[in-house]
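What you are looking at is a predicted structure, and each value in this text was computed from that prediction instead of being measured.
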Amino acid sequence: MVTSKNLLGIKELTTEEIYHVLETASGFKDVLQRDIKKVPPLRGKTVVNLFFEPSTRTRISFELAAKRLSADVINFSTITSSVIKGETLKDTALTIKALGADFVVIRHSSAGVPHFLSRILNISVINAGDGANEHPTQALLDLFTILSHKKKIKGLTVAIIGDITHSRVARSNIYALTKLGAHVRLICPPTLRPAEVRHLGIEVFNTIEEGLKKADVIMTLRLQLERQSKGYFPSLEEYFYLYGLTTARLQLARDNAIVMHPGPMNRGVEIESEVADGPQSVILEQVTNGLAVRMAVLYLLAGVKK
């Protein structure tokens with residue numbers, strides 16, 4: 001049972017709460033396969049998408065999820081708001097609350113912003129990505145996708161490849177997968193490996209060939225070039241040569257391994273097109289599942305007393 005009115009991170013969720021979200025999402029995935037994909041649980045509620053960073057998948061997914069639940073949706077743009085006139089985040093949030101919003105979905109470049117908003121607002125706050133901290137709904141949709149193919153999480157070997165230091169997706173997935181009993185491997189250059197991973201009970205590999213052996217799930221990550229203030233590797237070409245997921249490297253994993261990517265992909269940098277579009281790829285399925293998972297999150301939070 002989900003007991004908090006907010007979703008701030010996977011770190012705060014119990015195993016039971018994670019599975020509750022996933023079970024609820026399964027029901028909403030069935031709804032999305034109907035001719036009429038709209039249901040009334042959030043009729044009369046207002047969801048504000050407060051995005052301070054660019055987003056395609058997450059913002060549209062939250063917007064569609066809210067509309068499928070019959071909520072009213074407002075998409076906040078910093079370019080056309082009073083933020084460019086100097087308005088503080090706190091005043092922006094309080095204005096949105098005063099206008100009668102029931103949910104704020106927040107994406108921000110600074111870690112901790114969703115937690116800050118949760119302390120000053122008595123409406124539901126959902127973290128859609130805060131800096132390099134967490135991206136909880138991405139981890140939930142990744143779990144949902146893995147379960148749909150593997151039927152379990154416990155005991156699976158999941159290899160996460162790429163820019164771990166700057167990836168909120170990696171952190172949320174590490175928290176989620178280890179809580180549910182998966183064996184997590186990180187594959188990355190030493191320069192893109194945060195010191196904290198030593199305390200997370202996971203395996204770390206410098207070479208992709210070693211890390212991919214017998215993996216059940218392979219998750220490649222986008223290089224967060226916009227967050228990198230210095231050179232962490234000589235070139236994109238060398239990164240692909242050493243860490244890119246290719247058809248040949250995929251053969252090192254289990255025959256039925258699935259390939260995931262949170263998007264947006266940099267083809268020829270993190271992943272070869274033949275792999276991204278190949279039979280083991282579930283990348284577009286992740287996008288579809290994200291809609292069901294975000295519907296589940298909004299629905300469950302609406303049922304918690306504010």
[Y] backbone acceptor or donor facing [X] side chain under 3.5 Å:
{"X": "Arg222", "Y": "Gly263", "value": "no"}
{"X": "Asn75", "Y": "Asn49", "value": "no"}
{"X": "Thr178", "Y": "Tyr175", "value": "yes"}
{"X": "Glu238", "Y": "Ser235", "value": "no"}
{"X": "Ser124", "Y": "Lys5", "value": "yes"}
{"X": "Ser110", "Y": "Val113", "value": "no"}
{"X": "Arg171", "Y": "Ile164", "value": "yes"}
{"X": "Gln280", "Y": "Val259", "value": "no"}

Where [X] and [Y] come nearest, the two heavy atoms and their spacing:
{"X": "Leu221", "Y": "Ala170", "result": "CD1-CB, 3.7 Å"}
{"X": "Pro54", "Y": "Arg107", "result": "O-NH1, 3.5 Å"}
{"X": "Glu134", "Y": "Ser172", "result": "OE1-OG, 2.5 Å"}
{"X": "Val269", "Y": "Tyr239", "result": "O-CD2, 3.4 Å"}
{"X": "Ser148", "Y": "Thr145", "result": "OG-O, 2.7 Å"}
{"X": "Gly162", "Y": "Pro189", "result": "O-CD, 4.4 Å"}

Are [X] and [Y] connected in the hydrophobic side-chain network, where two residues link if heavy atoms are under 4.5 Å apart?
{"X": "Met219", "Y": "Val287", "value": "no"}
{"X": "Ile218", "Y": "Tyr241", "value": "yes"}
{"X": "Phe205", "Y": "Phe240", "value": "no"}

**Prompt:** What do the steps show when you test Leu13 against Leu7 for side chain to side chain contact (heavy atoms under 4.5 Å, CB included), and what is the final call?
**Reply:** CA-CA 8 Å; Leu13 296 182; Leu7 176 60; 3.9 Å; yes

Side chain to side chain donor-acceptor pair (under 3.5 Å) with [X]: which residues, sequence neighbours excluded?
{"X": "Asp130", "answer": "Asn127, Asn133"}
{"X": "His183", "answer": "none"}
{"X": "Arg193", "answer": "Asn206"}

**Message:** Take a 6.0 Å sphere around CG of Leu284 and say whether it holds more than 12 heavy atoms from other residues, nucleotides or ligands.
**Reply:** no

**Prompt:** Got more than 12 heavy atoms from elsewhere within 6.0 Å of CG, Asp255?
**Reply:** no

To the nearest 0.5 Å, what is the distance between [atom1] on [X] and [atom2] on [Y]?
{"X": "Glu16", "Y": "Glu23", "atom1": "CD", "atom2": "CD", "result": "10.5 Å"}
{"X": "Met265", "Y": "Ser281", "atom1": "CE", "atom2": "OG", "result": "6.5 Å"}
{"X": "Leu89", "Y": "Phe52", "atom1": "CG", "atom2": "CZ", "result": "5.0 Å"}
{"X": "His20", "Y": "Leu300", "atom1": "NE2", "atom2": "CG", "result": "5.0 Å"}
{"X": "Thr220", "Y": "Ile187", "atom1": "OG1", "atom2": "CD1", "result": "10.5 Å"}
{"X": "Arg119", "Y": "His115", "atom1": "CZ", "atom2": "NE2", "result": "8.0 Å"}

Would a 4.5 Å heavy-atom cut-off, applied to side chains only, mark [X] and [Y] as touching?
{"X": "His135", "Y": "Thr58", "value": "yes"}
{"X": "Leu121", "Y": "Leu94", "value": "yes"}
{"X": "Leu236", "Y": "Leu223", "value": "yes"}
{"X": "Ile146", "Y": "Leu177", "value": "yes"}
{"X": "Ile18", "Y": "Leu140", "value": "yes"}
{"X": "Leu141", "Y": "Leu291", "value": "no"}
{"X": "Leu192", "Y": "His166", "value": "yes"}

Considering only residues two or more places apart or on different chains, which pairs with a residue in [range] satisfy salt bridge (Lys or Arg N to Asp or Glu O under 4.0 Å)?
{"range": "residues 201-213", "result": "Arg185-Glu203, Glu209-Arg249, Glu210-Lys213"}
{"range": "residues 137-152", "result": "none"}
{"range": "residues 270-294", "result": "Arg267-Asp277"}

**Partners meeting ring-ring contact (aromatic ring centres under 6.0 Å, His included) with Phe62 (sequence neighbours left out)** = none

**Message:** Could you work out, with ring-ring contact (aromatic ring centres under 6.0 Å, His included) as the rule, every residue matching Phe116, not counting sequence neighbours?
**Reply:** none

**Request:** Using the ring pair (Phe, Tyr, Trp, His ring centres under 6.0 Å) rule, collect all pairs that involve residues 252-284, keeping only residues at least two apart or in two chains.
**Result:** none

Can I get a per-line list of side-chain donor-acceptor pairs under 3.5 Å for residues 25-43, giving both atom names and the distance, sequence neighbours left out?
unit_1 : atom_1 : unit_2 : atom_2 : d
Lys29  : NZ     : Asn289 : OD1    : 2.7
Lys37  : NZ     : Arg34  : O      : 3.3

**Item:** With sequence neighbours excluded, residues passing side chain to side chain contact (heavy atoms under 4.5 Å, CB included) with Thr15
**Value:** Tyr19, Lys179, Leu180

**Prompt:** Residues in side chain to side chain contact (heavy atoms under 4.5 Å, CB included) with Ala101, at least two apart?
**Reply:** Val48, Ile96, Ile123

**Message:** Before you tell me yes or no, could you show the steps for Leu50 and Ile74 under side chain to side chain contact (heavy atoms under 4.5 Å, CB included), namely the whole-Å CA-CA distance, both residues' side-chain angles and the distance that decides it to 0.1 Å?
**Reply:** CA-CA 9 Å; Leu50 190 59; Ile74 298 171; over 6 Å; no

**Stepwise side chain to side chain contact (heavy atoms under 4.5 Å, CB included) test for Leu212 and Leu245** = CA-CA 10 Å; Leu212 286 182; Leu245 184 60; 3.9 Å; yes

**Request:** Apply side chain to side chain contact (heavy atoms under 4.5 Å, CB included) to Val158 and Asn173, showing your working.
**Result:** CA-CA 10 Å; Val158 182; Asn173 268 297; over 6 Å; no

